[in-house]
Student: 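Pasting in a structure now, in structure tokens, and then I'll have a few things to ask.
Along the sequence shown, residues are numbered consecutively beginning with 1.
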Amino acid sequence: NGDTNLAGGVGIFVGNSGYSIDHNAICGNHSSEYGGAITAFGYNGSRAADTSGGTIDHNRIWFNQSYDEGGAITIAGELPANPNNISEGTGPVTIDANVIQANLANDDGGGIRLLQVSGSHVTQPGNGANAAVRRNALGTIDITNNTIANNVSAHEGGGLALDDAAFVNIVNNTIAKNLTTATPMTHPRSRAAYGLSPSANTHHRPEQRTDHGSAPDGRIGGRIPRQH
């Protein structure tokens with residue numbers, strides 16, 4: 001399958017809180033913009049504690065391509081009509097137990113691209129809020145138990161690329177042998193991260209966590225081999 005913008009295989013758009021994409025084989029799709037295999041675009045969250053936002057789990061996603069960002073999966077907030085405002089964000093998303101392999105992006109995020117996921121819907125959870133309420137208030141993105149391997153990007157993040165993604169947990173994944181050619185038109189011949197690339201607007205912890213303790217704005221843990 002192919003499309004000229006946003007989603008090559010599966011597209012989820014604004015107002016679909018609680019969506020689930022699971023137990024699929026998604027192969028050989030192309031997008032001329034974002035998300036060669038899957039794009040969830042716009043705000044799909046809810047203030048309700050029993051709403052997960054969205055879930056992408058137990059899929060095999062391979063040999064997909066985007067001409068722009070997110071060779072396999074793009075999670076992105078919608079640009080506001082008024083350029084002086086910030087995006088609404090995406091709401092919380094869980095990406096769990098997928099095999100994301102051999103996908104290609106001609107810009108950022110060969111495997112997974114997070115773009116403007118934290119936006120105007122982010123609120124401070126009240127004191128004593130339970131985990132579900134806190135997750136929905138912050139619009140947390142959980143990337144867990146995935147194999148992300150042999151993906152390629154032409155710019156940042158052969159495996160994963162994050163931008164405006166303040167509350168992200170990347171835990172217990174295998175991220176291996178992803179590559180970037182570092183040859184985009186916007187930054188020709190400049191070096192770029194190839195496994196996991198958080199851009200300047202993403203508030204992240206510089207250390208890689210190998211335990212399962214918490215960090216205020218997200219955590220990184222799991223198996224991230226040196227060779228990419």
Side-chain angles (χ1 to χ4, degrees), residues 3-22 26 31-57 59 61 66 68-96 98 105 107-109 111-126 129-144 146 157 160-170 198-204 216-218:
D3 202 354
T4 57
N5 63 337
L6 291 182
V10 180
I12 305 292
F13 299 97
V14 177
N16 287 290
S17 181
Y19 68 83
S20 179
I21 302 170
D22 62 276
I26 305 175
S31 171
S32 295
E33 192 181 17
Y34 296 163
I38 298 169
T39 292
F41 186 75
Y43 185 71
N44 289 300
S46 171
R47 298 296 182 218
D50 60 350
T51 302
S52 63
T55 303
I56 300 170
D57 67 285
N59 301 285
I61 305 170
S66 66
D68 198 348
E69 307 195 20
I73 298 172
T74 293
I75 310 295
E78 187 174 9
L79 290 172
N82 184 340
N84 294 316
N85 296 334
I86 64 172
S87 171
E88 291 185 321
T90 62
V93 180
T94 297
I95 302 174
D96 180 65
N98 301 281
D107 198 347
D108 299 332
I112 297 173
R113 177 62 162 140
L114 303 184
L115 180 62
Q116 298 186 116
V117 297
S118 301
S120 61
H121 279 276
V122 171
T123 59
Q124 179 63 42
N130 64 37
V133 171
R134 179 178 175 80
R135 184 171 182 271
N136 283 323
L138 298 178
T140 302
I141 310 295
D142 291 311
I143 301 174
T144 55
N146 301 283
L160 303 91
L162 285 63
D163 201 338
D164 289 336
F167 303 99
V168 181
N169 297 318
I170 301 173
S199 296
N201 292 337
T202 297
H203 187 158
H204 68 285
D217 300 306

Student: Assess whether side-chain hydrogen bond (donor to acceptor under 3.5 Å, both in side chains) is satisfied between D68 and S66, documenting all intermediate values.
Tutor: CA-CA 5 Å; D68 198 348; S66 66; over 6 Å; no

Student: Checking N59 side chain against D57 main chain: does a donor-acceptor pair fall under 3.5 Å?
Tutor: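 Yes, because the side chain of N59 sits within donor-acceptor range (under 3.5 Å) of the backbone of D57.
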
Student: Is there a donor-acceptor pair under 3.5 Å between the side chain of S118 and the backbone N or O of A166?
Tutor: yes

Student: Answer yes if the side chains of T144 and D142 hold a donor-acceptor pair under 3.5 Å, and no otherwise.
Tutor: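 Side chains of T144 and D142: no pair found under 3.5 Å.
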
Student: Relative to each other, are the rings of F41 and F13 parallel, tilted or perpendicular (30° and 60° limits)?
Tutor: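 Correct class here is perpendicular.
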
Student: Could you tell me which non-hydrogen atom of D108 sits nearest to which non-hydrogen atom of A161, and how far apart they are?
Tutor: CB-CB, 3.9 Å

Student: Taking the side chain as everything from C-beta on, heavy atoms only, tell me whether I143 gets closer than 4.5 Å to N169.
Tutor: no

Student: For a side-chain contact (heavy atoms from CB on, under 4.5 Å) with I12, tell me which candidate from N44, V93, T90 qualifies.
Tutor: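 The single option meeting the side-chain contact (heavy atoms from CB on, under 4.5 Å) with I12 is N44.
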
Student: Check the pair V117, D163 against side-chain contact (heavy atoms from CB on, under 4.5 Å), reporting the backbone distance first and the verdict last.
Tutor: CA-CA 8 Å; V117 297; D163 201 338; over 6 Å; no

Student: At their closest point, which heavy atom of D3 faces which heavy atom of A7, and how far apart are they?
Tutor: CB-O, 3.0 Å

Student: Dump the intermediate steps for side-chain contact (heavy atoms from CB on, under 4.5 Å) on F167 and V122, then the final yes or no.
Tutor: CA-CA 10 Å; F167 303 99; V122 171; 3.8 Å; yes

Student: Looking at every heavy atom in both A72 and I61, which two are closest together, and how far apart are they?
Tutor: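 What the structure gives for the nearest pair is CB-CG2, 3.8 Å.
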
Student: Any idea which heavy atoms bring G8 and S31 closest together, and the distance?
Tutor: N-CB, 3.6 Å

Student: To the nearest 0.5 Å, how far apart are CG in L114 and CD in E69?
Tutor: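 So the CG of L114 and the CD of E69 are separated by 11.0 Å.
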
Student: Could you tell me which non-hydrogen atom of V14 sits nearest to which non-hydrogen atom of G42, and how far apart they are?
Tutor: CG2-CA, 3.7 Å

Student: May I ask you to test the L115-D164 pair for a side-chain heavy-atom distance under 4.5 Å?
Tutor: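 No; the side chains remain at least 4.5 Å from each other.
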
Student: Closest heavy-atom contact between G45 and P92?
Tutor: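 For G45 and P92, the tightest heavy-atom pair comes out as CA-CD, 4.2 Å.
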
Student: Quick check against the 3.5 Å criterion: does N98 have a side-chain atom that pairs as donor or acceptor with the backbone of I56?
Tutor: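 Yes, because the side chain of N98 sits within donor-acceptor range (under 3.5 Å) of the backbone of I56.
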
Student: Distance-only, no hydrogens or angles: does the T74 side chain make a donor-acceptor pair with backbone N or O of G35 under 3.5 Å?
Tutor: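 Yes, the answer is positive, given that a donor and an acceptor are paired below the 3.5 Å cut-off.
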
Student: For T39 and R113: C-alpha separation, side-chain torsions, deciding distance, then whether side-chain hydrogen bond (donor to acceptor under 3.5 Å, both in side chains) applies.
Tutor: CA-CA 9 Å; T39 292; R113 177 62 162 140; over 6 Å; no

Student: Is it the case that the side chain of S87 and the backbone of E78 share a donor-acceptor pair, with hydrogens and angles ignored and the cut-off at 3.5 Å?
Tutor: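 Side chain of S87 to backbone of E78, a donor-acceptor pair under 3.5 Å: yes, one is there.
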
Student: Are E33 and D107 side-chain neighbours, meaning at least one heavy-atom pair lies under 4.5 Å?
Tutor: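 In short, these two side chains do not touch, never coming nearer than 4.5 Å.
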
Student: Between T55 and I95, is there a side-chain heavy-atom distance shorter than 4.5 Å?
Tutor: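 No; the side chains remain at least 4.5 Å from each other.
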
